[in-house]
Each structure stands twice: as C-alpha cells, then as structure tokens.
2 protein chains.
Amino acid sequence: MFENKERTDIAELGEFGLIKHLTDNFKVRHESSIKGIGDDAAVLNFKDKEVLISTDLLLEGIHFDLAYVPLMHLGYKAVQVNLSDIYAMNGIATQITVSIGLSSKFPLEAVEEIYKGIELACNKFNIDLIGGDTSTSKQGLVISVTSIGYADKKDICYRNGAQEGDLLCVSGDLGGAYVGLQILEREKLVFIENPNIQPDLEGKDYIIERQLKPEGRRDIVDLLAQMGIKPTSMIDVSDGLASEILHICNQSEKGCNLYEEKIPIDPVTYETARELGLDPTVCALSGGEDYELLFTIKQSDYDKLKNDVDISIIGHITDKNSGCNMISKSNVVHEIKAQGWNAFSL
Amino acid sequence: MFENKERTDIAELGEFGLIKHLTDNFKVRHESSIKGIGDDAAVLNFKDKEVLISTDLLLEGIHFDLAYVPLMHLGYKAVQVNLSDIYAMNGIATQITVSIGLSSKFPLEAVEEIYKGIELACNKFNIDLIGGDTSTSKQGLVISVTSIGYADKKDICYRNGAQEGDLLCVSGDLGGAYVGLQILEREKLVFIENPNIQPDLEGKDYIIERQLKPEGRRDIVDLLAQMGIKPTSMIDVSDGLASEILHICNQSEKGCNLYEEKIPIDPVTYETARELGLDPTVCALSGGEDYELLFTIKQSDYDKLKNDVDISIIGHITDKNSGCNMISKSNVVHEIKAQGWNAFSL
C-alpha cells in the first residue's frame, strides 16, 4: 500500500510525539470541551444536558479489509459509524476519543492517512477529538472510537418507545453498503487471480461509497427537530433493517407490519444485487452498514414529513401478539427474522 | 488454559446474546447512569459537574501475555488502569464501557472469566458498566475500556498547575509492578524450557500482585479531600516516575529536584531487583504500571499530610531553567530523562 512512498518509522516519534504530531491540526470547537488531549482524562461540561456515550471496536480482517479500504476512508468511517449511535438517540455528537493499535508494517505516513480521514469527519460533523491512545499491535490494525454527545432529556429517543399505530420510518435507502461490499470482494478475488486486471467498478460509485464512506444522519436529527417531530423510538441501521426492527419491537414490546414494496432501495443497489444473483430485499433486510435512521412516529406527525423525499414510511407498529411481519410484494406474510451480520459466526 | 474445562462456543449465543449473558449480573448504582447497556448509546447526567473521560486500548502480546496473566486478573486490571486516569484528575470514576475482541480460541467460559474480573473491579470501586461492544478478532484478545467520572470544576487537578516551591509527592511505592513482571517473564522462560518445573514465586506475592492486580488510588483522592488538600497538579504513574515527573514539569513549565533516597520502594521490590541484577531506582523511575498518584502540593499543606505513611514527599518544584534533576544517594545530580515504556520500540 505504501511500497513506493516515503516511510517514516513510528518508533522515531514515540507515543507522545506521535499523538502530538497526528492531532496538532485538530481544532477544539465546543464550549463543552474544557480540556482535550494532553492530560490523564478529558474534561467536558454539558451543564443541564444529558450526556450520550457510545463506543465501537473495529478490527482488521473482521470489520474491514485493507485490500480495498483506503486508510483515509477507514478513519472517516470509524468516526461516522460511531457518531451514528449518538444521532440514533436523537442527540448531537460533539466529541470523540480514538485509540489505535498499529502493527509495525505501518509507517507514519499510513497513520497520517487514517488521521486525515478522522479529521475530515470531525470537520464535517463538527466534532472535537479529545483523547485516545496509540500503541503498537502485533496483530494488524485495531481502532476503537468512543463518541460523546448530548441532548435535552425531553428529546432523547430510546428504542423502547414505539406505540401501537405508530408509523415505521427510515431515512435514505438500504442495502447499498452490503451490495457495495460484494462488488469490492468480487474485484479483490479477480485481483488476486490476476493483478494486471483493473477493478471493474464502473457505474458502482454510489454503492462503493455507501460501503467505504458512510455518513451518520445528523441531518435527519436536525430535520426532525425542524419539523417538530420527536420520534417515539429510534435506532440506527448498522446490522440490517430486520435486526433493527426487531430491536425496536422487542424493546417496545410491540409487533409490526413492514411492507416490502415500501423499503427504499436505490436503483444501483437493486440492479447490482440482481447482477450478483442476490435478492435486493434480503440485502436491505440483512445487509447492514447502511447507518440510516430507523424510527417510529405518531400518526399525527404524518403530515409533517409525508413530503420529505429522504424519509420513507415502510410500515406500522402493531400489538405484540401480532408478531413482526413483512408483507411481501406478492402479499405473502413473512415473519421477520434477524439474519444480520453476526460477528461471531464468521 | 481451558483445555480440561467446559467449552461453550460463543457463536451459539450471538453478539447480543453474549453481551446480555455477560452483563446480566452487573448492577447500575449511580443516579448519573440514566440508561446503560441496551440502546444505541448510554445516557448519563452529571448536572453541574465536569465530566471526565479517558480511554485505553489493551492488546494481547503488547500490554499483556496470556501465558501468565489469568483472565480474571486481566479484566480487573483493564478496568483499574483506566479508572486510575480519572483519579489522576482528582475525580470520582462512576462508569465504564468495555469493548472486547475475542479470537475464536476463546470459549464462552474464558470470556466469563474476563467479565468476572471486570465485575469485581466494578463492585470494589463502585462503577457502572454502561456499554461496550463485543466482536470476534483475528488478532488475539483486544480490550478497550473507556472510563467516565466527574468532579467539581474547582477540584480538578491538571498536569500543568505545579508552582515553584511546591512539594512533589507520590502515593504507595514504586517499581514493584515492573520487578513483578520480570519475575513472571523469568518463570515463563523456565516453563518453556521445562514444563515440569513449577514456577518459583515464593516470597514474591507482593510484586506479582502489583503487576497482575494493580489498584487505582481512589483512596488517595478521598484522603486528600478529607485532609482539605487540593494538589496543584496530578498524574498517575503508568509509564514510570521519570516520565510522569517530566509531564508535570513540562506542562507546568517548571523544573524539579527529586531525591533518590526519598523514592518509596518496597523491600520485596528492592531485594528482587537486586537478585535480578537491576537497579531498584531505575525500576521505579522507568518501570511503569505502578498506577500510584504523583502530585504536587503547596508547602503550606505540608503539615496536613506529613504523617501519612502512604504518601511520600520525594522532591520539590523549581524554576524551569534549573531543569529536572534527581539528586542521587551519593549526592550526584542527574538530569531526569524519560525512559519509560515505549509502545513503539518493542
């Protein structure tokens, strides 16, 4: 990856030198960030707000494959997937900590690429980098991100607030990240067999980007606030629509009807899934990594968002005994099962 | 490690089942923990307090060696080293998140051991486990802990507050964890050469425990509060006394005189270092992992702590131009250099 470029050995800088070098450019923007990097702990103050905290661990070979994930994208994505959890609480993300374990194959220039991606995400989403930890690793790249945000108590959306009759909504479109991953995996195999063949990604930009450069939907949080809608429940779509719907229904002790024809799937996702012999609906239900927001709203809020092209109403909440069902395009009722990505069955 | 014991495959439980299984016993104790495990993010509320956040990444083969670290101790230590950073701000730790990456060699019973250690640390230090992430790992065991705590704004101790004339103090004793590690490494080599030889740890309990089961010094934070002392600066001793003294002096833009004869070293540490051909002072200065608190106090606070057997006054702060010096037992002045553990020069 860095064969022909400059290579600076990280050991030359040492841990503190490295952190300083990598984070010197980062700005601190929030009043709530009293003290960022450089002491034993960061110091924050959110006054009377509730504090939101979420953490994710990304491991090479499990969550990403450096054969086709550029390091800058990886840094960007590591931040985004974490911010997404704060947005899923209907909160505003304000800070992150980033810990990185680096195998000795990484020169300084590679780590700089990861931090460029982190910085890009921080700039775009107005996030302060306030701490972290950097270490060598004997076993490939390890990234742990903790994101911190806030919300007024009255605004926080939990998973367990869905009520019978509520409308089930999702932002953006689904399945793209998964189908994009299948294309990247296909081209990786082609490359392994014949390194002279250039990857064939023509027309696939959208789904490749969905996989490599997902965006947390802060805009949806802002939009809902502008519309005067507080979702009755909310979750982000990281493991596939089916798994997330079940989280909401189980925690709310409700059932649901999901309508297959209403699930938003981009034409590129749809066509590419077909090309690959995959069912586009299954990609949306079980693919994961879309980082869209799935939420329920009261029926009385319907008029406020019915014209928004970025939000789809895909079903409604029923009573618990009715179960969680998908009504297919051919009007067959299927029980929704979680077949999302299981990090332990790889 | 688990050859003769029951082995349950983690994949049987799945990620959500695993987290539930591992964390069901954990109690939530703090009013500030509004919502713990089970949603997209944890929700906390510290009212008018400042929030403290610190994070650490522990990697197998770098930060611990499973050849001699029992898993329960590892879970306990992973929490303690993180809490130590909150105490080093003169704060009270209240919550942690724990993310774990597990290679497939780990059965459920092994992960349960790690969580037993985490639970023990949480019970002992009154900590709520409020979130985390569990995943398979291709790269051995990975543990990432984020600790959260609080303090009144007026009570927080930064590294940069040391003033000329302040007394340099340290809790407990130093060098033990490092010398303990050398004993464990020695016995590991003996075991590799001849697995029939039992490890010879007789009389080494104290330093083995310093290495395997360190304790964050919350008691010192409480003690200082009782004494009515607010340190002018504070840091925890994770990388060795020399490195931490330099952090305080550099960030405070001051110098210091450290007196070798005042450095607290336990007799077992001292004798064992000698046995191993090591200089006990060097072990204290550069060994690390003691997790004691190093702090500076105003001279006017001297009378309040002079009789406390658990706190040693080891030097004083001077002006920047005088440099950072250690006055040896034979009255020779040495410049203090950081030769602490460097995670990038292994």
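Excluded from the calculations below are hydrogen atoms, water molecules and symmetry mates; all remaining heavy atoms, backbone and side chain alike, are included. A, B, ... follow the sequence lines: proteins, then strands. Residue 1 opens every chain. Treat the numbers as computed from the prediction; the structure is a model and nothing was measured.
- Minimum heavy-atom separation, B/Lys138 to A/Glu60: CB-O, 4.4 Å.
- Contact record, B/Ser135 with A/Leu59: OG-CD1, 4.0 Å, taken as the closest heavy-atom pair.
- Interface residue B/Lys49: only backbone heavy atoms are found under 4.5 Å from chain A.
- Screening B/Val43, B/Leu44, B/Val51 for a side chain to side chain contact (heavy atoms under 4.5 Å, CB included) with A/Ile53, the sole residue that qualifies is B/Leu44.
- Closest approach of A/Thr55 and B/Ser99 over heavy atoms only: CG2-OG, 3.5 Å.
- The residue among A/Ile86, A/Asp236, A/Asp48 with the most heavy atom pairs within less than 4.5 Å of chain B is A/Asp236.
- A distance of 7.5 Å separates CG of B/Asp40 from OG of A/Ser84, quoted to the nearest 0.5 Å.
- Of the listed residues A/Gly140, A/Gly38, A/Ser104, A/Gly132, the one with more heavy-atom pairs under 4.5 angstrom with chain B than any other is A/Gly38.
- Side-chain N/O atoms of B/Thr146 and A/Thr146 include a donor and acceptor closer than 3.5 Å.
- For the atom pair CD1 of A/Ile62 and OG1 of B/Thr136, the computed distance is 5.0 Å after rounding to the nearest 0.5 Å.
- If you take CE on A/Met89 and NZ on B/Lys35, they are separated by 7.5 Å, rounding to the nearest 0.5 Å.
- One N or O on the side chain of B/Asp39 and one on the backbone of A/Arg159 form a donor-acceptor pair closer than 3.5 Å.
- Contact annotation for A/Leu141: only backbone heavy atoms (N, CA, C, O) come within less than 4.5 Å of a heavy atom of chain B.
- In this structure, the separation between OG1 on A/Thr97 and CG on B/Asp56 is 10.0 Å, given to the nearest 0.5 Å.
- Heavy-atom neighbours of A/Glu185 CD from other residues, nucleotides or ligands within 6.0 Å: above the threshold of 12.
- Residue B/Tyr150 qualifies as open at atom OH: its count of foreign heavy atoms under 6.0 Å is 12 or below.
- For B/Lys47, the part sitting under 4.5 Å from any heavy atom of chain A is the backbone (N, CA, C, O) and nothing else.
- Contact count versus chain A (heavy atoms, under 4.5 Å) is highest, among B/Ile130, B/Val142, B/Val98, for B/Val142.
- Between atom CG of residue B/Asp133 and atom CG of residue A/Asp85 there is a gap of 9.0 Å, rounded to the nearest 0.5 Å.
- Interface residue B/Gln251: only side-chain heavy atoms are found under 4.5 Å from chain A.
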Working for side-chain contact (heavy atoms from CB on, under 4.5 Å), residues B/Leu57 and A/Ser144: CA-CA 8 Å; B/Leu57 185 62; A/Ser144 173; 4.3 Å; yes

